[in-house]
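Single-structure report; data block below.
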Amino acid sequence: MVNWNGAPGMSAAEIEARKDRFRILVCIDGSDECYQSLRYAARLGGGVDADIVLLYVRPVDQGLRSGGLQVRVARENMLKWGLELPGIQYLKKGRDMLKELGIMAGDEWREEVAHTDVNGDPLGDNKINYINEQGKMVVLKLKVATDIATGILEQWELGPYDLIILGASGRWKGMGRSFWDPAVAEKVAIHAPCSVLVARDLEEGHGHLICTDGSDEAMEMVRSDAELASRCDCPVSLMSVALDVEEEPDAKANVEKAEAMLKELGIEVKETIIRVGNPVDEIIEVGPDYSLIVVSESGKSGLQRFFMGSVAFKVMENAHNSVMIAR
Amino acid sequence: MADHPARLQSLQNRIRVNGITGLKRVMTLGSWLNLYFFWEKKWFFIAMVVGAFMLEMPLPEGLSPEGLIILTMSVVAVILFVTEPVPLPTVALLIIIGQVVLMGHDSSEVAKSLVTDSVLFIAGSLMLAVAVVKQKLDKRIAWLIVRMTGTKTWRVCFGITVVSGILASFVGEHTVAAMMLPVGITLITLTSDDPRKVRNLAAVLLFSIAYGASVAGIGTPSGGARNAIMIGYWKEFFYDPTNPETYKFMVSYVDWMVHAYPMFLIQVPFVTAILFWTFRPEYRDLSRAVVKLRALIEEEGSMKAADWMSIAIFFLVLLGWITISGDIGMGTVAVAGAAVFLIAGLVRWEDINSGVNWGVILLYAAAISLGLQMKETGAAQWVAEGFLAFLSPLGANEGFGLWAAVSVLTTGVTNMMSNGAAVAVLGPIVLKVSVVANESPIIIGYITAISSSFAYLTVVGTPACTIVYASGYLKATDFLIVGWKMAIASSVIMLVAAKLYWPLLGV
């Protein structure tokens with residue numbers, strides 16, 4: 001994980017305190033998918049040490065497209081009529097959902113409203129923090145950015161997150177289409193410094209399918225995701241795919257290594273799966289029996305990925321259910 | 001001596017880096033470069049490579065060396081307009097640089113060629129637009145609409161389309177979209193708090209505003225920048241003060257209205273019909289919302305002196321365009337109107353300054369300047385001949401077929417970039433096409449300017465679409481779902497009018 005060095009206006013103590021917390025960023029766009037993922041986030045973030053941040057990204061108002069009249073003229077006119085900015089409704093619905101789920105139980109929640117000016121937009125970023133006595137935070141954030149993916153990634157800079165959850169908008173496209181218009185989930189998954197969960201019909205309670213190839217990165221990922229799974233009491237299954245029959249013992253060894261490690265941590269593994277074949281196809285085939293597929297980002301650099309692709313991203317693109325890329 | 005360990009560490013680091021060999025080293029270097037910068041800006045580099053390639057290729061037959069340079073600049077500019085790897089005003093700056101460096105023009109000459117009456121008109125109308133939106137007349141207009149229409153959803157939508165349209169035909173579609181957007185959203189939120197329960201209603205109401213304003217933009221020269229650009233081109237290309245034959249190319253405000261206004265009026269019922277056919281709103285009756293809206297508006301009280309004043313100024317501007325714009329130029333009238341609003345204290349300069357995107361004016365200025373160069377260097381002629389040669393096997397190189405081809409070409413281009421830029425780029429070419437094909441440049445010019453408003457398919461197509469999209473109630477795909485029907489209906493109406501109505505006017 002990339003080191004986070006704090007956001008402007010934070011003291012060193014605040015920065016340190018924030019690094020210890022388990023922070024989840026849920027991207028809200030008003031779709032069913034995003035509220036499903038919020039439900040999941042509530043389960044993961046039920047503990048005292050977890051913060052949940054709901055983010056809605058609004059494209060920055062700019063006038064080049066509107067024939068020279070700035071969109072802000074229309075926006076100011078709308079505010080004069082007492083109309084809310086788009087997105088506020090969606091965020092409030094998310095907050096009400098968290099209340100229903102018992103995340104915001106008790107009435108000791110303090111409310112703080114904050115506003116940040118943003119270049120090029122008269123209304124800037126707005127957020128409401130809800131903080132309780134133990135320091136647990138729920139944040140509603142309305143952000144402006146040039147595009148949605150950039151907004152989500154900028155939000156990471158403002159406070160480190162352990163997990164970004166966003167709904168797959170059905171906009172995964174092949175290389176040809178993404179050349180024109182890269183999908184939001186794709187861009188966030190590639191650039192985010194933390195784990196990214198792309199939710200598709202995310203259901204609780206079916207467990208995590210953790211895929212490993214035995215590398216150090218993968219082992220580290222197995223450990224961190226097993227901890228995550230234990231936060232929501234989700235059962236953990238391990239999977240490894242061998243490219244051909246000869247490599248099958250290696251795959252078996254990889255899974256056993258991971259299982260032994262988890263046992264040491266006191267986490268029980270529900271089952272182990274060894275398959276032979278194309279890793280992407282095999283993982284996608286097994287996937288739907290679980291809540292989510294967890295894959296680790298391989299150590300490939302941008303250039304290598306450009307030419308060779310990566311199992312993790314292919315799984316993310318083609319899977320039928322939720323996929324998490326762990327970092 | 002205390003820094004010894006640190007120095008040792010740095011030495012070790014250096015050895016480690018040097019220890020990496022071969023491919024791995026290249027990879028390390030690759031990760032240092034920010035590849036993503038190049039990926040984000042790929043279209044800029046592609047455009048530059050295309051440009052370099054075109055400049056180096058052997059001169060095509062019939063094209064002068066200057067023509068090739070201008071053609072290259074146009075192609076590069078179009079790629080950048082469509083793909084937007086850099087902020088659009090950058091393209092304007094690049095055009096200016098290209099004219100001085102590649103063409104060898106004098107810097108002062110290039111600067112002079114930037115400002116024409118069309119550009120002045122665009123700047124003036126934008127200032128007027130901000131002034132008009134700031135007058136808070138929107139509530140009065142909303143009151144007028146709901147008083148006339150009653151509470152049935154289709155009647156409210158039709159009323160919004162008609163009123164948006166009539167206003168937009170004079171003050172420009174962006175002005176009306178900015179004014180009417182709160183009216184539409186207020187009606188939506190008063191009907192239901194949950195945006196998902198009123199998705200189709202929202203689409204119908206907001207598209208009534210956006211498309212009502214868009215179809216009206218063709219009505220008068222002040223309806224959109226593209227019209228002013230076309231009038232400018234007619235004058236530059238064909239007007240010769242010594243030849244009375246060419247006086248018809250000085251198209252006046254009234255001339256334009258006579259040709260185009262009926263076309264807008266015919267389109268209005270189609271807008272409502274197509275929207276209802278496509279979206280089928282959840283509520284057939286909006287009485288709850290309308291009653292609340294009326295109460296909201298009545299809090300405002302009666303019209304104040306300032307309100308009457310701003311209406312009066314606006315009518316004076318309109319009168320100026322109709323009567324004296326032939327003598328002093330439409331741009332001058334627009335600028336004068338903005339000046340009067342400022343003198344009367346009805347709008348603050350700060351509001352105008354922050355409400356107008358000055359980059360757009362620069363962009364139009366550069367695009368028009370490039371368009372005129374297309375004509376002067378013969379590049380437009382060359383492209384026009386190629387275009388006709390391409391069309392002749394299809395039988396579309398003359399008459400009605402050519403009109404349809406020009407309309408389809410313009411509609412295609414305008415959906416990918418702002419409609420003013422589309423006319424600025426295509427204008428010189430289609431006007432030369434009309435000359436080569438022995439067609440009337442006036443008809444072809446009208447067809448191009450009018451077709452450029454058929455950008456219903458994308459969010460970025462017309463200013464009104466961009467503004468209503470900012471409300472957050474519409475999805476980009478909504479524009480596609482309904483846009484193609486609108487584009488077909490509008491094209492058919494325009495071509496029929498061109499065939500049956502314009503001949504009556506003796507074009």
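Letters A, B, ... are given to chains in the order of the sequence lines, protein chains preceding strands, and every chain is numbered from 1. Because only heavy atoms are used, hydrogens play no part in the values below, and waters and symmetry mates are left out as well, while side chains stay in.
Closest heavy-atom contact between Asn77(A) and Ala178(B): ND2-O, 3.1 Å. Counting all heavy atoms, side chain and backbone alike, Ala74(A) lies closest to Ile467(B) at CB-CG2, 3.7 Å.
Put simply, of Gly224(B), Ala129(B), Gly172(B), Ser354(B), the one with the most heavy-atom pairs under 4.5 Å next to chain A is Ser354(B). When Ser471(B), Ala225(B), Ala177(B), Gly420(B) are compared by the number of non-hydrogen pairs under 4.5 Å with chain A, Ser471(B) comes out ahead.
Of the atoms belonging to Lys136(B), it is side-chain heavy atoms, and not backbone ones, that fall under 4.5 Å from chain A. Heavy atoms of Asn419(B) lying under 4.5 Å from chain A are absent altogether. For Thr186(B), the parts sitting under 4.5 Å from any heavy atom of chain A are the backbone and the side chain alike. Heavy atoms of Val183(B) lying under 4.5 Å from chain A belong to its backbone as well as its side chain.
Residue-environment remark: NZ (Lys292(B)) exceeds the threshold of 12 foreign heavy atoms within 6.0 Å. The number of heavy-atom neighbours closer than 6.0 Å to CZ of Arg140(B), taken from other residues, nucleotides and ligands shown, is above 12.
With sequence neighbours excluded, no residue satisfies side chain to side chain donor-acceptor pair (under 3.5 Å) with Tyr35(A).
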